[in-house]
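Following: one structure in structure tokens, then a few remarks.
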2 protein chains.
Amino acid sequence: MYSTTEENYLKTIYKLQIQLGTFINTNAIADGVNTKAASVTDMMKKLSEKKLLSYEKYKGVQLTEKGKKVAIETLRKHRLWETFLHNQLGFTWDAVHDIAEQLEHIQSNELVEKLDAFLGFPTHDPHGDPIPGRNGVIKESNFILLSVLQKGEKGIISGVVNHSSLFLQHLEKNKLTLGKTIAINEVSSFDLSVKAILDGKEKIQLSNEVVKNILIKKLI
Amino acid sequence: MYSTTEENYLKTIYKLQIQLGTFINTNAIADGVNTKAASVTDMMKKLSEKKLLSYEKYKGVQLTEKGKKVAIETLRKHRLWETFLHNQLGFTWDAVHDIAEQLEHIQSNELVEKLDAFLGFPTHDPHGDPIPGRNGVIKESNFILLSVLQKGEKGIISGVVNHSSLFLQHLEKNKLTLGKTIAINEVSSFDLSVKAILDGKEKIQLSNEVVKNILIKKLI
DNA sequence: CTAAATTTTTAGACTAGCCTAAAAATATTT
DNA sequence: AAATATTTTTAGGCTAGTCTAAAAATTTAG
């Protein structure tokens with residue numbers, strides 16, 4: 001139906017729209033799809049003609065319902081494939097993204113639905129990001145930043161803010177993986193670093209840079 | 001490394017080389033990749049420059065070792081994905097081909113190896129075709145045509161000659177799937193149709209058109 | 001509120017892959 | 001062996017997607 005390139009533009013614009021609000025400017029898109037502003041302008045005209053977004057010269061773009069639907073479907077496929085790669089094939093947290101980036105463009109509705117069922121209808125991918133349902137609904141999670149936890153509180157690692165390989169590899173190396181429990185022992189008032197207990201046993205120390213990029217489900 | 005299009009050309013030429021022998025002519029390739037002869041000539045020049053095949057004007061082409069390697073790798077990926085789609089996701093025999101045609105071009109060696117392990121290192125795909133090993137070796141199977149079986153002999157369904165959806169759907173509908181046992185009761189000397197017993201219980205009747213397109217492993 | 005800086009768009013050109021129509025080479029008939 | 005038919009190649013052109021450089025619009029600064 002839509003080319004790999006078109007899907008990538010739509011997905012990128014969708015993500016920017018969530019991050020930044022309404023109108024998305026050319027440079028931000030160029031950055032997101034790794035191309036030049038001139039190429040973006042060309043593509044905006046094309047996608048606009050296809051009614052996937054509304055585009056006004058020099059004003060920026062906004063996805064139409066139709067465009068949003070395609071974007072969310074692509075995001076759904078991406079996150080289902082990430083889940084497959086991590087949960088079934090045993091890829092590490094940081095390795096799944098690049099491969100899912102390719103797999104998300106495979107065309108077959110039947111494949112998506114069968115994959116979803118095979119994985120047990122997961123609600124979140126290996127980075128804790130919510131997986132849109134077949135209907136396109138995204139159940140936003142109530143995860144909070146680990147950095148807002150106070151001394152004595154605890155939570156379950158449920159996602160990340162920073163998705164870079166570097167950060168994900170750091171977490172993996174320190175066994176800070178999805179589902180682990182973290183209990184805060186002490187927050188340094190000097191550098192905001194945190195002393196904590198991982199899974200009830202191991203003493204760990206986390207920099208503020210780390211704790212402000214981990215999402216947790218708070219335990220009461 | 002190589003584009004989807006290049007991989008498709010190489011895979012097609014490889015298959016033709018097995019079927020027809022050495023030099024493959026332009027029209028046969030055009031037919032295989034669903035394009036026109038003029039486009040094939042263009043691509044042959046390109047692949048020849050990349051040392052993936054040797055091409056002599058008006059004489060036809062032949063894969064180099066390098067080209068053969070790429071072709072076999074693509075075939076390996078195709079058949080592994082077909083196995084995944086059938087065995088894990090429950091796609092029917094005839095539905096797997098088109099999707100595998102897309103999946104075979106996903107680039108990631110790690111993915112291929114992990115998929116192979118996940119599937120338990122299968123030796124044959126859902127159509128009974130052998131899956132090339134990581135080393136590129138294809139273990140040719142000793143399957144024989146069901147049509148050569150005599151009255152009183154039996155075998156296990158292990159593959160097909162005709163890969164068309166129409167034929168595969170016909171088999172599926174008649175429960176003639178991989179692994180089933182067929183015992184020959186009688187071969188008509190009029191139309192070469194066959195009366196047989198399926199899996200030791202069900203009486204079936206098969207036309208010659210069907211039996212000469214089914215591969216079996218003969219039981220003694 | 002004008003001048004400078006930035007962003008965006010236009011213009012023109014490139015590559016991969018494909019096409020049609022015509023020309024050239026090869027194969028087949030008579 | 002000449003005539004005809006078939007196959008293959010060349011020539012020129014198309015689309016999707018990209019790029020650079022220059023022009024136009026918008027935003028920011030003084």
Atom pair distance, as rounded to whole Å: NZ in B/Lys59 and P in C/dA24: 19 Å
Between C1' of C/dT10 and CG of A/Asp42, the distance in whole Å: 9 Å
Test: B/Lys114 cationic atom under 6.0 Å from A/Phe91 six-membered ring centre, within 45° of axis: yes
Axial cation check for B/Tyr55 ring with B/Lys45, 6.0 Å and 45° limits: no
Sugar-phosphate, base or nothing in reach of B/Ser39, heavy atoms under 4.0 Å: base
Sugar-phosphate, base or nothing in reach of A/Thr5, heavy atoms under 4.0 Å: sugar-phosphate
Residue A/Tyr58, side-chain heavy atoms: nucleotide from D/dT10, C/dT8, D/dT18 that is nearest: C/dT8
For atom CD of A/Glu56 and atom C1' of D/dA25, their distance in whole Å: 13 Å
Nearest-Å distance for atom pair CE/C1', residues A/Met43 and D/dC19: 14 Å
First encountered from the 5' end of DNA chain D, between B/Val40 and A/Tyr9: B/Val40
Touch class at under 4.0 angstrom, heavy-atom based, for A/Asn25 against every strand present: sugar-phosphate
Worked check of ring-ring contact (aromatic ring centres under 6.0 Å, His included) between B/His97 and B/His163: CA-CA 9 Å; B/His97 182 79; B/His163 285 67; 7.9 Å; no
